[in-house]
Enquirer: 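Okay, here's the structure, questions in a sec.
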Amino acid sequence: MLGLAEKAPVQASLTAEQEAFDPREEKKLAIALWLINSSLTNPDREEILRFAHTDSLEEASKAIYTELDKRGLRKVFEDIEMPLVPIIEKMEERGVLIDKEALATLSKTYHKALTKLEKTIFTLAGEEFNVNSPKQLGVILFDRLGLTIKNQKKTEGGAKSTRESELEKLRDVHPIISHILEYRELQKLLSTYIDTIPTLIGADKRLHTTWSQTGSTTGRMSSQNPNLQNIPNKTDLGRAIRNAFVATSGFLLAAFDYSQIELRIAAFLSGDKKLIEIFKSGRDVHSEVAARVFRVGSREVTPDMRRKAKVINFGILYGMGVNALRQNLGGTREEAQKFYKDYFAEFSGLAVYLDRVKADAARKGYTETLFGRRRYFEGINSPLPYIKAGAERMAINAPIQGTEADILKIAMKNIDDFTKERGIEGDVHPLLQVHDELVYEIREEMAVETARDIEKVMESVVPVSSTAGIILETHVSIGKSWGEMAAP
DNA sequence: CGCATACGCGCC
DNA sequence: AAACGGCGCGTTTGCG
């Protein structure tokens with residue numbers, strides 16, 4: 001059947017030199033290359049060789065390190081990324097203990113509820129269909145039941161979207177909607193977490209994710225098989241999954257998170273006087289921002305004013321425009337426009353900074369974090385407005401998210417150093433990194449004391465002289481599981 | 001049948 | 001239309 005010429009294996013043959021090249025050196029090369037061009041996430045050997053237009057790793061090595069120095073990335077490489085390599089290896093090796101029975105219990109409960117919801121949905125729809133299929137669901141909702149949404153969002157492929165934010169608009173229009181939303185939630189929790197995690201547990205009853213040190217364009221880490229950076233936290237049903245992430249006997253879990261770290265970074269990178277003052281005051285940032293934008297006293301801030309301030313505060317970090325702001329706030333375009341204008345009139349230092357980041361990115365082609373990590377932007381000078389605007393949003397976010405990534409990576413190293421200095425490496429094990437949070441397993445009798453020390457180590461990662469006096473406030477909580485943690 | 005894509009959604 | 005940055009992944013669907 002198969003001719004010999006067909007299906008010839010397209011395997012790149014390894015040269016003797018490539019065979020002999022130290023795998024650890026190759027791993028370092030991959031990291032160096034990613035620092036040079038962070039679009040190349042998780043670069044493989046092929047990418048490394050392609051960069052230097054060679055089939056010799058030795059040659060590629062020279063080219064890559066030369067380029068690393070040329071772009072001023074040596075310090076990021078040596079001081080941030082290299083020390084992290086063995087730490088990540090230890091994290092992968094140790095893994096995190098999973099309470100399989102807890103997940104089995106959840107599975108039973110949620111499957112029962114799911115089946116019940118499905119029945120109700122079929123009754124309300126008047127027929128059976130696959131609720132997991134957006135296509136079939138769309139037919140039921142928009143054709144058979146004739147439900148309509150004004151300004152109905154379309155999907156990439158042109159179909160009427162059934163995503164949550166659209167269904168929310170129909171919640172009060174038809175009783176099937178709330179059931180579908182509940183069904184979606186349970187289905188997601190079961191298929192992605194509750195019924196999948198148990199299949200990935202090792203003989204040691206622990207979950208060993210694979211961490212990617214070079215997994216994002218901004219400097220962040222990523223996690224795969226499974227992704228432990230998106231374990232549910234928002235809803236009670238989802239958060240219950242965290243109860244299954246437990247400490248080994250004789251240990252406790254300790255979670256440390258940097259409070260509002262991205263906004264703090266935006267404050268000191270921009271040098272915005274008022275935002276800096278708010279953080280230095282130690283008060284609630286969203287309330288204080290609301291007070292200033294709406295020109296009321298701190299005590300006169302209503303929950304709705306705070307909510308709006310929170311939306312725009314987060315939006316800033318992502319380069320959000322007026323339209324996206326309106327989308328999030330509800331309300332009219334004019335209201336959103338006024339709010340947007342008032343915000344930047346008040347925080348003018350932030351406005352100037354954001355413009356400067358865009359201008360610098362356009363001029364130089366890249367942005368830099370506090371520590372010099374770079375991200376390049378293909379489309380920053382594109383004649384196509386939407387391409388340029390897209391690149392500008394990424395450019396605004398990159399120094400902020402990237403500085404956060406730098407800080408977390410340095411924190412991991414400094415905590416590792418701290419435990420070695422104390423001679424307690426065997427009592428303090430890093431388990432997880434979730435972008436602004438670190439989770440450790442610490443020997444029970446020393447957990448509280450050590451947690452307080454680690455908290456201080458984290459707050460000292462960047463000297464206040466570099467943060468305009470803003471403290472990188474860190475919160476710690478301790479518990480037997482990731483789901484039931486409390487301040488010590 | 002395996003694979004890529006569309007869609008949707010979990011986290012920060 | 002979309003209009004907000006960064007990830008990984010499950011299910012469905014259509015294709016070869």
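Letters A, B, ... mirror the listed sequences (proteins, then strands); counts begin at 1. Not measured: the values here are computed from a predicted model.
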Enquirer: What is the ring orientation for Tyr343(A) with Phe347(A), classed by angle as parallel under 30°, tilted 30 to 60°, or perpendicular over 60°?
Expert: tilted
Enquirer: Remember a base hit wins even if backbone is also touched, and classify Leu325(A) as base, sugar-phosphate or nothing at under 4.0 Å, heavy atoms.
Expert: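 Result for Leu325(A) = nothing.
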Enquirer: Can you measure Lys160(A) atom NZ to dA2(C) atom P for me and round it to whole angstrom units?
Expert: 14 Å
Enquirer: How many Å lie between CG on Leu408(A) and P on dC12(B), as a whole number?
Expert: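 Answer to the nearest Å: 13 Å.
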Enquirer: Let me know, please, whether Asn42(A) or Glu156(A) comes out on the 5' side of the other along DNA chain C by nearest nucleotide.
Expert: Glu156(A)
Enquirer: Rounding to a whole Å, what distance do you find between Gln187(A):CD and dG10(B):C1'?
Expert: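 Roughly 13 Å, once rounded to whole Å.
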Enquirer: Quick one: which of Val352(A), Ile316(A), Val293(A) gives a side-chain contact (heavy atoms from CB on, under 4.5 Å) with Phe344(A)?
Expert: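 Filter result, single survivor: Ile316(A).
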Enquirer: Does one side chain, of Arg374(A) or Asn37(A), offer a donor that lies under 3.5 Å from an acceptor on the other?
Expert: no
Enquirer: If I pick the P atom on dC7(B) and the same atom on dA2(C), what distance separates them, to the nearest angstrom?
Expert: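 My reading of the P atoms in dA2(C) and dC7(B) gives 10 Å.
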Enquirer: Contacts to DNA chain C from residues 99-107 of chain A, heavy-atom cutoff under 4.0 Å, which residues?
Expert: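 Contacting residues: none.
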Enquirer: Could you give the CG-to-C1' distance, from Asn323(A) to dA2(C), as a whole number of Å?
Expert: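 Roughly 9 Å, once rounded to whole Å.
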Enquirer: Would you mind reading off the distance between Asp195(A) atom CG and dT11(C) atom C1', rounded to a whole angstrom?
Expert: 14 Å
Enquirer: Establish, with yes or no, whether the OP1 or OP2 oxygen of dC9(B) is under 4.0 angstrom from a side-chain nitrogen or oxygen of Arg184(A).
Expert: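 For Arg184(A), the contact criterion (side-chain N or O under 4.0 Å from OP1 or OP2 of dC9(B)) is met.
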Enquirer: Between atom OH in Tyr183(A) and atom C1' in dC9(B), what is the gap in whole Å?
Expert: 15 Å
Enquirer: Can you tell me the Watson-Crick or wobble partner of dT11(C), both distances under 3.5 angstrom?
Expert: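 dA6(B) is the nucleotide pairing with dT11(C).
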Enquirer: Does Lys338(A) come within less than 4.0 Å of Glu334(A), counting only side-chain N to carboxylate O?
Expert: no
Enquirer: Let me know the distance between CZ of Arg375(A) and C1' of dG6(C), rounded to the nearest Å.
Expert: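 Taking CZ of Arg375(A) and C1' of dG6(C), I get 8 Å after rounding.
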Enquirer: So does Thr155(A) get a side-chain nitrogen or oxygen closer than 4.0 Å to the phosphate oxygens (OP1/OP2) of dC7(B)?
Expert: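 Yes.
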Enquirer: Determine, for Lys413(A) against Asp416(A), whether the closest basic-nitrogen to carboxylate-oxygen distance falls under 4.0 angstrom.
Expert: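 The answer is no: the pair does not qualify as a salt bridge.
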Enquirer: Which part of the nucleic acid, if any, lies within contact of Arg220(A), taking any heavy atom under 4.0 Å across all strands shown: a base, the sugar-phosphate backbone alone, or nothing?
Expert: base
Enquirer: Using a cut-off of 4.0 Å on non-hydrogen atoms, how would the nucleic acid contact of Glu185(A) be classed: base, sugar-phosphate, or nothing?
Expert: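 Here Glu185(A) touches no strand at all.
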Enquirer: Does the side chain of Ser216(A) get closer than 4.0 angstrom to OP1 or OP2 of dC12(B) through an N or O atom?
Expert: no
Enquirer: Please work out whether the ring planes of Tyr376(A) and Tyr366(A) are parallel, tilted or perpendicular, with thresholds of 30° and 60°.
Expert: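 It falls in the tilted class, 30° to 60°.
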Enquirer: Can any side-chain N or O of Gln213(A) pair as donor or acceptor with the backbone N or O of Glu81(A) at less than 3.5 Å?
Expert: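 Yes.
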Enquirer: Please determine whether a side-chain nitrogen of the Lys or Arg among Glu164(A) and Lys188(A) lies less than 4.0 Å from a carboxylate oxygen of the Asp or Glu.
Expert: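 No, no charged N to carboxylate O under 4.0 Å.
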Enquirer: Between dA6(B) and dA3(C), how far is it from one P atom to the other, in whole Å?
Expert: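 Between the two P atoms, the distance is 16 Å.
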Enquirer: With respect to the phosphate group of dG8(C), does any side-chain polar atom (N or O) of Ser222(A) fall under 4.0 Å of OP1 or OP2?
Expert: yes
Enquirer: Could you check which of dC7(C), dG10(C), dC12(B) has an atom nearest any side-chain atom of Thr192(A)?
Expert: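 Output: dG10(C).
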Enquirer: Starting at atom CG of Asn397(A), determine the distance to atom P of dG5(C), rounded to an integer number of angstrom.
Expert: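 Result: 8 Å.
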Enquirer: Tell me whether the side-chain N/O atoms of Lys188(A) come closer than 4.0 Å to OP1 or OP2 in dG10(B).
Expert: no
Enquirer: So, does Glu166(A) use its side chain to make a donor-acceptor pair with the main chain of Lys153(A) at under 3.5 Å?
Expert: yes
Enquirer: Identify, between Phe314(A) and Pro226(A), the residue whose nearest nucleotide on DNA chain C lies closer to the 5' end.
Expert: Phe314(A)
Enquirer: What do you reckon, is CD of Glu127(A) surrounded by more than 12 foreign heavy atoms closer than 6.0 Å?
Expert: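 Yes - once you tally the heavy atoms of other residues, nucleotides and ligands closer than 6.0 Å, there are more than 12.
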Enquirer: Can you tell me if Asn225(A) touches the phosphate of dC9(C), counting only side-chain N or O atoms and a distance under 4.0 Å to OP1 or OP2?
Expert: yes
Enquirer: So, under a plain 3.5 Å distance rule, would you say the side chain of Asn328(A) forms a donor-acceptor pair with the base of dC4(C)?
Expert: yes
Enquirer: Is the shortest side-chain N/O distance from Asn233(A) to OP1 or OP2 of dC12(B) below 4.0 Å?
Expert: yes
Enquirer: Does dC7(C) have OP1 or OP2 sitting under 4.0 Å from an N or O in the side chain of Thr41(A)?
Expert: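 For dC7(C), OP1/OP2 do not have a side-chain N/O of Thr41(A) under 4.0 Å.
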Enquirer: Short of 4.0 Å, heavy atom to strand atom, which residues of residues 119-141 of chain A count as contacting DNA chain C?
Expert: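 DNA chain C contact set from residues 119-141 of chain A: Asn130(A), Asn132(A), Ser133(A), Lys135(A), Gln136(A).
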Enquirer: On the side chain of Asn227(A), is there an atom forming a donor-acceptor pair with the base of dG8(C) - under 3.5 Å, no angle test?
Expert: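 Check fails, no donor-acceptor contact within cut-off.
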Enquirer: What interatomic distance, in whole Å, is found between P of dA1(C) and the corresponding atom of dG8(B)?
Expert: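 That atom pair is separated by 15 Å.
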Enquirer: Contact class for Arg239(A) (heavy atom, under 4.0 Å): base, sugar-phosphate, or nothing?
Expert: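 Contact class for Arg239(A): none.
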Enquirer: Examine the side chains of Ser133(A) and Asn130(A) and answer whether a donor and an acceptor come within less than 3.5 Å of each other.
Expert: no
Enquirer: Select base, sugar-phosphate, or nothing to describe what Ser212(A) touches, counting heavy atoms under 4.0 Å on all strands.
Expert: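 Here Ser212(A) touches no strand at all.
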Enquirer: Can you tell me the Watson-Crick or wobble partner of dA3(C), both distances under 3.5 angstrom?
Expert: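 Base partner found: none.
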Enquirer: So how far is it from Ile80(A) CD1 to Leu408(A) CG, rounded to the nearest 0.5 Å?
Expert: 11.0 Å
